[in-house]
Amino acid sequence: MFRRILIANRGEIALRVIRTAREMDIECVAVYSDVDARALHTRMAHVAVPLGGELPSESYLDMDKVLAAARETGAEAIHPGYGFLSENATFARRVEEAGLAWIGPPADAITTMGDKIVSRRAMTEAGVPCVPGLVDPVDDVETAIREADAIGYPIAIKAAAGGGGKGIRIVRDPSTMESAFRAASGEAVASFGDGRVYLERYVDGPRHIEVQVMFDAHGNGVHFFERECSIQRRHQKLVEEAPSCILDEAQRAEMGAVALQAGKAVGYRGAGTVEFLWSNGSFYFLEMNTRLQVEHPVTEMITGVDLVREQIRVADGEPLGYGQDDLSIDGHSIEVRINAENPFEGFLPSTGTLHNLRMPGGPWVRIDSGMYRGLEVGLQYDPMLGKLIVWGRDRAEAIARMIRAIQEMNVGGVHTGLPAALQVLQHERFVNGDFDTHFLESLDIQSPPEHEGIVAVAAAIHRHRLARRRALAPSDAARDGWLARNRSGTARHVERAGVAGATEGIR
Amino acid sequence: MFRRILIANRGEIALRVIRTAREMDIECVAVYSDVDARALHTRMAHVAVPLGGELPSESYLDMDKVLAAARETGAEAIHPGYGFLSENATFARRVEEAGLAWIGPPADAITTMGDKIVSRRAMTEAGVPCVPGLVDPVDDVETAIREADAIGYPIAIKAAAGGGGKGIRIVRDPSTMESAFRAASGEAVASFGDGRVYLERYVDGPRHIEVQVMFDAHGNGVHFFERECSIQRRHQKLVEEAPSCILDEAQRAEMGAVALQAGKAVGYRGAGTVEFLWSNGSFYFLEMNTRLQVEHPVTEMITGVDLVREQIRVADGEPLGYGQDDLSIDGHSIEVRINAENPFEGFLPSTGTLHNLRMPGGPWVRIDSGMYRGLEVGLQYDPMLGKLIVWGRDRAEAIARMIRAIQEMNVGGVHTGLPAALQVLQHERFVNGDFDTHFLESLDIQSPPEHEGIVAVAAAIHRHRLARRRALAPSDAARDGWLARNRSGTARHVERAGVAGATEGIR
Amino acid sequence: MKTYVHFGDRTREVEITERLGELVVTLDGEPCEVSYAEADSHGQVVLNHMGKSYAMSIEGTPHAMAITLAGHRYDATLEDERERAANLAARAKNKGGGVVKAVMPGVVVEVLVEEGQAVEAGQPLLILEAMKMQNEIGAPGSGTVERIHAGAGDAVGAGDKLLSLAVADD
Amino acid sequence: MKTYVHFGDRTREVEITERLGELVVTLDGEPCEVSYAEADSHGQVVLNHMGKSYAMSIEGTPHAMAITLAGHRYDATLEDERERAANLAARAKNKGGGVVKAVMPGVVVEVLVEEGQAVEAGQPLLILEAMKMQNEIGAPGSGTVERIHAGAGDAVGAGDKLLSLAVADD
């Protein structure tokens with residue numbers, strides 16, 4: 001087994017890898033940017049190498065610096081975490097050319113799955129169901145009408161030059177196809193100066209369901225069942241759970257088998273996630289994420305398997321040592337992401353310095369977090385500060401437990417999405433399992449007005465006390481000013497930055 | 001189900017009960033002494049009632065105050081936690097006389113199990129194996145020799161007036177019985193002014209293994225397998241685990257059955273623990289703890305059952321709803337107690353104000369803790385501040401995970417037993433499962449000297465920095481003084497306070 | 001002393017008087033029996049009301065506080081009577097108008113309005129790129145664009161002026 | 001500047017000199033290449049040495065520190081050369097003697113010695129009950145009991161004098 005590995009990442013995922021590595025008696029090399037000199041991953045590693053720089057491009061994305069750090073410290077393998085270089089085929093190749101083990105899939109698999117059109121072709125050949133439709137644009141109305149019948153309604157007409165949902169037209173009735181086609185290509189010209197459009201089956205009320213797979217280097221592969229990730233907003237998941245309450249045993253097995261097919265088709269090795277769109281009982285391949293997912297803990301909680309440990313084992317050439325029949329689902333797990341964002345103002349990013357951190361605890365509550373008192377949450381990096389994970393014997397117990405855990409928690413200094421997660425968990429539709437990827441966006445996030453009175457009283461008394469204390473000790477005034485700075489504001493995202501309903505590239 | 005319950009306790013166990021109650025949508029009434037006005041259990045409850053007073057006798061042990069609080073707040077049931085009034089039969093009766101539900105066993109069961117001699121008789125009648133021996137003193141050498149043969153060697157001669165191990169004589173060979181008997185009663189006279197002694201089989205290299213049982217009000221009972229609690233010192237457990245690595249399936253089932261027998265014999269209801277001494281393949285009834293145990297989490301982790309929820313359900317009259325065959329062991333769990341004590345000075349109590357709390361996290365790490373920054377750890381209450389619990393697929397994984405978790409943790413302001421726990425977990429004998437109740441006391445707790453050099457350098461540089469900073473900002477000097485106060489000292493326990501090897505009354 | 005606590009456009013009036021060291025509180029004119037205790041000096045407070053206790057975390061300044069209660073967060077702005085009068089006057093002077101500032105460091109991608117142009121409340125004024133994301137800055141109120149302080153391509157820091165609005169009399 | 005760091009009866013000598021703002025350190029006379037960084041102002045420090053980093057929590061005063069490293073705890077007392085000389089002199093003056101104080105509030109259960117009695121280092125002097133537990137207070141060094149300040153039944157606070165020892169010349 002490796003004696004020392006380098007973790008080319010930061011934040012909670014770097015800690016996650018360090019924790020398993022420590023348990024495996026493997027030394028960890030952390031790398032860090034100037035901003036992260038005091039970060040927990042820097043402190044918890046056996047060796048910490050400064051990369052310098054503030055921007056990702058100057059640090060965690062700089063292949064030369066990362067590889068140099070590995071060379072200097074004698075690391076034998078590199079774990080990329082998620083994001084940054086994790087899905088960079090060039091980096092994967094360079095790591096192996098440097099004579100190091102790459103704790104990830106083969107570069108070719110990354111390349112294939114990284115390209116929408118190439119992967120769609122590969123999957124179709126492998127017999128993996130994709131959303132019915134055309135890859136190439138249609139030139140005229142006649143072809144469109146003919147193709148539409150072949151694809152089957154409802155049809156989504158999408159601008160070839162578009163993306164981000166602009167210029168999408170939904171057609172549910174053939175009779176309206178012609179007018180819709182003209183309108184769509186007209187809008188496409190207007191928006192992108194390019195009128196070409198293509199057709200695809202429109203997926204109604206889609207749910208985002210993904211399957212966790214793991215392959216060793218000896219042709220063995222298993223899946224660890226599915227995760228339901230439909231509670232999301234603009235490509236950002238907020239609440240994830242496993243298993244999905246919409247799948248029955250038969251479909252669960254089928255989806256798992258299809259996911260393994262997808263992996264085999266690209267000669268996969270290591271941990272990966274095959275994402276599907278589920279709608280009205282059928283599911284379609286969306287994409288494959290060729291790395292560990294943020295939400296992997298919910299899978300660990302219901303299977304008892306440490307996925308990072310498995311990643312490291314197979315990267316070292318060990319066989320899985322178990323088969324599909326050895327795996328089963330025990331209970332239910334939910335994860336809530338703790339993002340620095342303001343759910344009351346359209347989830348705008350929130351910055352500040354963390355203080356008054358109060359973490360929940362007790363039975364079956366797990367915290368994967370890079371947060372610490374004094375952490376300055378800026379805009380350089382992903383706003384995800386950590387994750388709250390619970391396990392319960394069943395979905396109801398897990399929901400109740402997550403609500404309880406969120407109520408125990410406090411993160412001072414920034415806004416977080418926790419109030420939104422709380423509203424989701426307490427929502428009848430979520431409790432009944434009746435939701436799709438549009439659900440979160442349909443909510444108006446607000447705190448229960450019935451408590452505003454008591455809150456107002458508390459705030460007023462607190463102000464009263466502050467005034468008193470300031471009179472006594474000027475130093476407090478400074479502190480208040482400090483807190484004030486940390487509650488600096490937020491901005492509104494441009495609608496065009498995301499597509500309601502589209503779920504490509506979600507992490 | 002109850003709408004509101006009162007928790008007649010403090011610290012981590014009060015939080016533990018509040019957490020499950022919240023998940024069951026039951027409101028919680030906390031009670032608190034003057035010392036605990038800011039305690040977490042006071043803050044996390046829906047209602048908090050001050051009992052006043054600083055000493056337990058003025059607060060948590062004052063039945064009238066607790067019952068009054070329940071009456072005022074309209075609580076429908078009382079959960080006693082452990083310690084304090086939890087094993088007080090009078091209180092159990094008064095709770096029920098007050099028309100409230102008692103989340104605990106029937107008063108009679110508490111009474112019976114609370115008396116060593118009465119419980120021993122009851123268990124013997126019920127066919128539960130007890131340590132062979134006599135309850136009544138033997139008057140003369142002849143009887144002693146005769147009885148000794150009947151009991152079987154090795155024999156322990158104990159002073160009737162004694163206890164605490166004083167005046168115990170171990171006899172392994174009948175030929176030395178006479179001299180030993182005279183010496184023992186002589187010593188008994190000297191120590192207690194009462195020469196009466198009684199005989200008991202001496203249990204060699206005993207392990208403390210206990211079985212968790214749960215009975216509903218309808219005659220159904222199950223056991224949740226065993227916990228191994230042999231890592232203890234002077235009636236204080238430090239490391240607990242489930243399952244025990246010394247039991248095979250057959251003996252596990254046998255011990256579980258015997259535990260259920262014990263409970264049935266006293267008409268038990270609710271959660272209880274039957275403690276056994278295990279030695280060379282046979283086990284003997286020690287005592288039954290008629291309440292929830294500190295170490296209950298390790299049982300929860302391997303069975304997936306929330307024991308507090310079960311306590312509340314059966315107290316409300318619900319049937320268990322499952323049988324023994326529905327329960328099984330999944331993986332392995334270890335708990336380490338976080339006590340304010342100095343393991344380098346004979347585990348003397350340590351007092352101070354908590355700061356620099358850094359809690360571990362990540363996969364399968366659970367924290368049940370009443371700690372918060374600013375908590376003043378005094379001498380009024382039990383020194384246990386919280387518990388660290390981990391789960392692993394097997395014992396080796398659990399040990400590695402607990403070591404990792406302890407290494408992540410920091411508790412500033414007081415000494416804790418964590419370094420001792422770390423030394424136990426890293427000890428070859430513990431790893432091999434080769435230990436008994438004397439193991440912990442046999443260890444010389446010390447931190448690895450090979451790091452003293454680097455630590456010395458850090459300390460010297462830190463001092464250098466402090467001097468600098470003090471020159472700049474006098475306020476820091478104050479802070480250092482404050483820290484210093486918090487590291488106030490400890491005292492040495494009197495050896496006579498405990499018995500090496502005796503495990504009665506351990507919590 | 002009266003304090004006006006605003007949650008967005010909703011306002012609660014809290015009056016606090018101290019009698020013999022005891023706080024006497026009214027909420028929107030109604031008497032409100034409460035006891036208030038600070039669990040620490042960092043804004044962890046416990047408020048008892050009608051036999052229930054509410055543990056809250058309060059952070060911020062005397063004028064803007066964030067209160068967290070059982071996982072829910074309330075952002076409140078506070079004024080006493082004097083401040084309220086002053087603020088009302090200020091608002092009257094330029095309702096919704098004034099200077100629009102950058103709330104985070106970034107780069108101006110595009111200015112969507114021109115000087116002299118009339119804008120509606122919430123209408124996009126310009127696009128600021130920060131965190132690899134395009135953020136749209138809307139008008140705080142309806143009025144006219146008086147001056148534009150930043151142009152496309154400009155890097156701005158938090159607090160920098162972006163543009164000034166004059167309010168249409170209505 | 002030289003600092004003597006004592007762990008119980010083991011002592012390490014650390015010399016720190018600052019050259020061009022850089023710390024130059026020797027440990028027991030040997031050069032020791034380290035870099036030292038504070039993660040916060042509460043004693044979370046990271047020390048790099050021979051290509052490894054050691055994260056430690058340090059608390060205490062310049063004279064007595066508790067250092068936690070990967071779950072292990074080290075209690076150290078520190079002296080510089082001047083302090084060392086002074087302390088040596090003081091120790092010489094009354095080796096092991098001086099005043100025995102209560103380290104925690106409690107009640108004196110029993111005094112096990114008499115004034116004038118000779119005692120060995122570690123010999124039980126009296127029993128203090130605290131935390132529902134009997135704690136035995138031992139002699140810090142061998143000598144003679146000079147005065148007894150507290151009697152059986154007395155309640156004492158932390159820091160209160162219990163008895164004074166005079167040291168036997170040896």
Side-chain angles (χ1 to χ4, degrees), chain A residues 342-344 348-349 351 355-356 358 378-383 403 406-413 415-416 418-419 421-423 447-449 451-467 469-470 476 480-481 483-484 486-497, chain C residues 1 3 5 7-8 10-16 18 23 25 27-28 32 34 36 38 41-45 47 49 54 56-76 78 80 102-106 124 127-128 130-131 133-138 158-159:
Chain A
N342 184 341
F344 307 108
L348 320 182
T351 63
H355 60 91
N356 271 347
R358 191 174 61 239
L379 298 166
Q380 305 94 333
Y381 302 117
D382 191 290
I403 290 170
I406 291 176
Q407 289 174 335
E408 281 181 35
M409 185 153 192
N410 189 68
V411 179
H415 275 85
T416 72
L418 286 172
L422 195 53
Q423 193 164 325
S447 298
H451 288 133
E452 276 180 2
I454 201 74
V455 168
V457 169
I461 299 178
H462 189 64
R463 177 184 159 112
H464 185 74
R465 295 282 183 98
L466 283 179
R469 213 183 291 142
R470 188 173 297 81
D476 275 331
D480 297 332
L483 287 186
N486 303 342
R487 296 187 47 261
S488 65
T490 50
R492 183 165 304 119
H493 294 130
V494 167
E495 288 306 331
R496 81 184 61 133
Chain C
M1 188 199 63
T3 311
V5 184
F7 302 97
R10 291 179 304 285
T11 300
R12 313 302 294 262
E13 272 183 42
V14 183
E15 183 152 24
I16 300 171
E18 231 164 313
L23 292 181
V25 179
L27 171 62
D28 298 329
C32 173
V34 295
Y36 176 99
E38 290 185 345
S41 57
H42 302 84
Q44 305 292 313
V45 309
L47 195 133
H49 174 60
Y54 301 85
M56 309 184 200
S57 289
I58 307 184
E59 56 180 277
T61 68
H63 302 101
M65 295 180 185
I67 302 93
T68 304
L69 168 60
H72 293 293
R73 165 149 174 164
Y74 297 84
D75 290 300
L78 295 84
D80 61 24
V103 288
M104 57 173 95
I127 295 166
L128 189 67
M131 280 188 81
M133 246 187 214
Q134 298 205 321
N135 307 296
E136 190 173 82
I137 310 301

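Proteins come first, then strands; the chains are lettered A, B, ... in the order of their sequence lines, and each starts at number 1.
Chain A forms the most heavy-atom pairs under 4.5 Å with one residue out of C/I16, C/T3, C/L47, and that residue is C/I16. Counting heavy-atom pairs closer than 4.5 Å to chain A, the top-ranked of the candidates C/H49, C/E18, C/M1 is C/E18. By number of non-hydrogen pairs under 4.5 angstrom with chain A, the leading residue of C/G8, C/S57, C/C32 is C/S57. Interface check for chain A: of the options C/L27, C/T68, C/V25, the most heavy-atom pairs under 4.5 Å are formed by C/L27. If you tally non-hydrogen atom pairs under 4.5 Å between each of A/T416, A/I406, A/N356, A/L418 and chain C, the highest count goes to A/N356.
The shortest distance between side-chain heavy atoms of A/P448 and C/Y74 falls below 4.5 Å. With a 4.5 Å cut-off on side-chain heavy atoms, C/R10 and A/E452 count as touching. Looking only at side-chain heavy atoms (C-beta outward), A/I461 and C/V34 come within less than 4.5 Å of each other. With a 4.5 Å cut-off on side-chain heavy atoms, C/H72 and A/H451 do not count as touching. By the 4.5 Å heavy-atom criterion applied to side chains, C/L23 and A/H464 are counted as neighbours.
What you find for A/G453 and C/R12 is that their closest heavy atoms are N-NH1, 3.4 Å. Across A/H462 and C/V45, no two heavy atoms sit closer than the pair ND1-CG1, 4.4 Å. Closest approach of A/A458 to C/M56, counting heavy atoms only: CB-SD, 3.6 Å. Listed here is the closest heavy atom pair of C/R73 and A/P419: CB-CG, 4.0 Å.
Contact annotation for C/Y36: both backbone and side-chain heavy atoms come within less than 4.5 Å of a heavy atom of chain A. Heavy atoms closer than 4.5 Å to chain C are found in the side chain of A/L422, but not in its backbone. Heavy atoms closer than 4.5 Å to chain A are found in the side chain of C/L69, but not in its backbone. Interface residue C/Q44: only side-chain heavy atoms are found under 4.5 Å from chain A. Looking at C/D80, the atoms closer than 4.5 Å to chain A (heavy atoms on both sides) sit in the backbone and in the side chain alike.
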Discussion item. Please determine whether side chain to side chain contact (heavy atoms under 4.5 Å, CB included) holds for the pair A/R465 and C/E38, giving the CA-CA distance in whole Å, both sets of side-chain angles, and the decisive distance to 0.1 Å.
Written reply: CA-CA 10 Å; A/R465 295 282 183 98; C/E38 290 185 345; 3.7 Å; yes
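For C/E15, the side chain to side chain contact (heavy atoms under 4.5 Å, CB included) criterion is met by C/K2, C/T26, not counting sequence neighbours.
The structure places CG of A/L466 at 5.0 Å from CE of C/M65, a figure rounded to the nearest 0.5 Å.
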